[in-house]
Amino acid sequence: MIYTINRDTPVETLQKIPVETLEKIAEKVRQAGFSVSVST
């Protein structure tokens, strides 16, 4: 499962990434033969 930050983190400089970016990452993982779901 690939997902973005959904709650406060211990490091204030962490940022959420757009779902489009998550999908690009997921596609690379799928091409490697893994089953992937993307959540926001």
Side-chain angles (χ1 to χ4, degrees):
M1 179 175 266
I2 298 174
Y3 56 91
T4 190
I5 301 166
N6 193 27
R7 58 183 156 261
D8 292 338
T9 64
V11 179
E12 292 182 16
T13 57
L14 292 176
Q15 298 177 3
K16 292 182 181 183
I17 58 175
V19 69
E20 295 83 9
T21 303
L22 295 175
E23 287 294 347
K24 288 179 183 178
I25 295 168
E27 186 54 36
K28 290 180 181 183
V29 176
R30 288 181 188 113
Q31 289 176 0
F34 296 93
S35 176
V36 178
S37 63
V38 175
S39 300
T40 57

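None of these values were measured; they are calculated from a predicted model.
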*side chain to side chain contact (heavy atoms under 4.5 Å, CB included) with Pro18: which residues, sequence neighbours excluded?*
Glu20, Thr21
*Going by an N to O cut-off under 4.0 Å, is there a salt bridge joining Glu23 and Arg30?*
yes
_More than 12 heavy atoms of other residues, nucleotides or ligands under 6.0 Å from CD of Gln31: yes or no?_
yes
*So how far is it from Glu27 CD to Ile25 CD1, rounded to the nearest 0.5 Å?*
12.0 Å
_Residue pair Ala26 / Val36: nearest heavy atoms and the distance that separates them_ = CB-CG1, 3.7 Å
